[in-house]
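Values below: all heavy atoms of this structure, side chains included; hydrogens, waters and symmetry mates excluded. None of these values were measured; they are calculated from a predicted model.
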Amino acid sequence: MADPKGFLTTGREVAKTRPVGERVKDWNEVYVPGSLLPIIGKQAGRCMDCGIPFCHNGCPLGNLIPEWNDYAYREDWSAASERLHATNNFPEFTGRLCPAPCEAACVLGINQPAVTIKNVEVSIIDKAWDGGDVRPQAPERLSGKTVAVIGSGPAGLAAAQQLTRAGHTVVVYERADRIGGLLRYGIPEFKMEKRHINRRVEQMRAEGTKFRTGIEIGRDLTATDLRKRFDAVVVAAGATTARDLPVPGRELKGVYQAMEYLPLANKVVEGDFVSSPISAEGKHVVVIGGGDTGADCVGTAHRQGAASVTQLEIMPKPGEDRAAGQPWPTFPMLYKVTSAHEEGGERVYSVSTTHFEGDEDGNVAFLHLVEVAFVDGKLTQKPGTERRIPAELVTLAMGFTGTDVENGLVAQFGLDLDERGNIARDADFATNVDGVFVAGDAGRGQSLIVWAIAEGRSAARGVDRHLTGASSLPAPIRPTDRALTV
């Protein structure tokens with residue numbers, strides 16, 4: 001145990017963010033570089049080394065949190081990195097992007113602010129990269145088996161790295177022009193700088209993983225061709241079919257899906273464009289959807305110089321404390337102020353969009369909304385609450401409904417779908433087609449980055465066993481596992 005009295009003597013302290021006026025002028029990460037190391041030892045010392053560490057259960061990866069908290073407290077960064085990588089291929093991703101269900105399940109969080117597990121994690125991995133503790137782990141021998149991984153998001157990358165280290169020859173196919181999936185083009189630079197992806201990809205290349213970009217399976221390369229070339233296939237294509245808003249005026253220019261808007265901003269940072277083809281500069285921006293993707297749109301609009309930003313959410317405003325129906329250690333729905341919200345804009349709850357109004361040139365100009373409430377469990381409109389707000393750029397950030405079926409991938413493989421539109425799989429993450437497996441959002445549905453990495457690791461074990469008859473690779477979850485609920 002790091003500090004037996006740490007949770008009594010030390011209060012919770014998190015990473016410092018740069019001033020709003022400074023950070024909205026660039027695309028760098030919002031946190032003050034190096035601000036964690038002076039405080040992180042004492043923060044790690046708040047960990048109580050519980051008899052039953054529920055943080056393990058909150059995290060689907062099964063991260064050994066008390067162990068690496070202890071090492072961080074003692075400043076044994078190499079040992080902390082080893083414990084961290086024992087369960088997580090990419091802690092620099094989760095340490096920046098995960099909403100930290102581990103902290104919601106922290107035993108200290110029953111009656112005090114939880115341990116800053118996420119901040120400790122990112123401190124360990126950043127220190128590991130700086131200290132040279134992250135090195136390629138090439139396999140000692142090759143199996144002679146080949147695996148194709150479709151998709152280079154966190155699930156695909158995790159599966160590919162595990163299978164490469166097991167000795168298989170792995171090729172990752174990505175339909176975009178760069179590796180990373182939604183990590184690359186869905187997450188803004190101010191939340192995670194893409195250099196973190198680049199150096200992981202270089203590590204994986206050094207281990208033997210091969211990458212092919214600009215190739216969409218189903219269109220550029222058929223499923224039949226892929227199965228001829230490889231002994232096994234992992235479908236990790238994500239759940240990229242966005243939920244739409246079928247209301248009058250949806251066809252107006254200026255109404256976009258979030259995943260049409262956000263990638264272009266990332267391409268500006270990559271140097272592909274001088275300015276985004278879809279820019280919020282000088283416009284009244286409305287973001288429909290109150291989740292993390294919506295917040296990403298808000299922060300992006302601020303940096304592009306929007307005249308105003310309004311975020312709409314159909315659900316009521318969450319409370320700041322746990323609701324009675326969301327007891328510890330479940331992940332509670334709480335009112336959250338992200339860095340993007342700190343930068344300005346208005347958040348409007350319990351409203352629904354009725355239609356869009358355009359100008360004479362077919363551009364969206366106004367959004368009409370109405371207040372709503374749940375009556376007997378049914379969403380109803382409140383009469384007399386209709387109004388309109390300026391809307392010259394609208395982004396739809398309402399989540400995703402399932403994997404892409406229009407590109408031919410599902411049909412060409414002959415994959416079965418479950419009742420939710422996800423690719424069906426068995427206990428080994430195998431689909432109904434022999435030798436074809438599925439990992440991540442394509443099989444689970446829209447979920448968190450920690451679940452994606454856990455899925456990739458678990459699917460890799462299923463593939464390895466299919467190819468060799470046995471496997472020593474870890475499988476932290478089953479396909480049927482879900483987050484902690486009441």
Side-chain angles (χ1 to χ4, degrees), residues 241-262 265 276 278-320 323 325-326 332-338 340-401 446:
T241 302
R243 182 174 285 107
D244 213 335
L245 185 63
V247 298
R250 169 64 179 89
E251 74 285 352
L252 291 169
K253 289 180 286 187
V255 182
Y256 300 98
Q257 288 287 353
M259 286 305 129
E260 295 177 296
Y261 172 64
L262 292 173
S276 175
I278 304 175
S279 177
E281 184 177 3
K283 296 178 181 178
H284 296 290
V285 177
V286 178
V287 179
I288 301 178
D292 288 339
T293 303
D296 293 344
C297 292
V298 170
T300 299
H302 289 320
R303 284 158 180 75
Q304 291 177 341
S308 69
V309 183
T310 305
Q311 187 176 16
L312 308 181
E313 169 59 60
I314 197 169
M315 300 298 290
K317 181 180 177 179
E320 296 187 8
Q326 299 172 2
M333 298 297 294
L334 300 176
Y335 179 68
K336 182 169 64 172
V337 179
T338 70
H341 297 129
E342 293 173 352
E343 295 159 3
E346 182 182 4
R347 303 168 76 178
V348 184
Y349 291 89
S350 297
V351 294
S352 178
T353 302
T354 59
H355 63 282
F356 301 108
E357 178 184 338
D359 61 19
E360 61 274 10
D361 297 320
N363 300 302
V364 66
F366 295 95
L367 180 148
H368 291 250
L369 55 82
V370 63
E371 293 181 16
V372 295
F374 284 93
V375 179
D376 296 328
K378 187 177 181 180
L379 193 68
T380 59
Q381 297 183 0
K382 293 183 178 180
T385 62
E386 300 86 354
R387 59 189 173 99
R388 74 174 189 173
I389 59 175
E392 297 168 300
L393 174 64
V394 178
T395 60
L396 308 179
M398 303 180 298
F400 302 87
T401 60
Q446 182 185 1

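Listed by chain and residue number, W27, T300, Q304 satisfy the side-chain contact (heavy atoms from CB on, under 4.5 Å) test with A265 (two or more places apart in sequence, or in another chain). Not counting sequence neighbours, H341 has no partner by the ring-ring contact (aromatic ring centres under 6.0 Å, His included) test. The side-chain contact (heavy atoms from CB on, under 4.5 Å) search around M315 returns E313, F374, not counting sequence neighbours. In this structure E386 satisfies the side-chain contact (heavy atoms from CB on, under 4.5 Å) test together with V370, sequence neighbours excluded. For E281, the salt bridge (Lys or Arg N to Asp or Glu O under 4.0 Å) criterion is met by no residue, not counting sequence neighbours.
Closest approach of E346 and V348 over heavy atoms only: OE2-CG2, 3.7 Å. Shortest non-hydrogen contact noted between T385 and K382 is OG1-O, 2.6 Å. Contact record, A301 with V309: CB-CG2, 3.9 Å, taken as the closest heavy-atom pair. Looking at every heavy atom in both residues, A242 comes nearest to F400 through CA-CD2, 3.7 Å. Across P318 and Y349, no two heavy atoms sit closer than the pair CD-CE2, 3.8 Å. Smallest separation of non-hydrogen atoms from I278 and S276: O-OG, 2.9 Å.
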Distance-only donor-acceptor hits, side chain of residues 282-296, under 3.5 Å, sequence neighbours excluded:
{"from": "K283", "atom 1": "NZ", "to": "S279", "atom 2": "O", "distance (Å)": "3.3"}
{"from": "H284", "atom 1": "ND1", "to": "S308", "atom 2": "OG", "distance (Å)": "2.8"}
{"from": "D292", "atom 1": "OD1", "to": "K336", "atom 2": "NZ", "distance (Å)": "3.0"}
{"from": "D296", "atom 1": "OD1", "to": "K191", "atom 2": "NZ", "distance (Å)": "3.1"}

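Between L312 atom CG and I314 atom CD1 the span is 10.0 Å, to the nearest 0.5 Å. Atom CG in L245 sits 5.5 Å away from atom OG1 in T353 (nearest 0.5 Å). Rounded to the nearest 0.5 angstrom, L252 CG and E392 CD are separated by 13.0 Å.
Counting heavy atoms from C-beta on, the side chains of V337 and E342 come closer than 4.5 Å.
Annotation: side chain to side chain donor-acceptor pair (under 3.5 Å) contacts involving residues 249-258, sequence neighbours excluded, comprise D244-R250. Evaluation of the salt bridge (Lys or Arg N to Asp or Glu O under 4.0 Å) test over residues 302-311, restricted to residues two or more places apart or in two chains, returns R303-E343. Listed by first and then second residue, the salt bridge (Lys or Arg N to Asp or Glu O under 4.0 Å) pairs that reach into residues 353-371 are E357-R388, sequence neighbours excluded.
A donor-acceptor pair under 3.5 Å is absent between the side-chain atoms of S350 and the main chain of A373, judged by distance alone.
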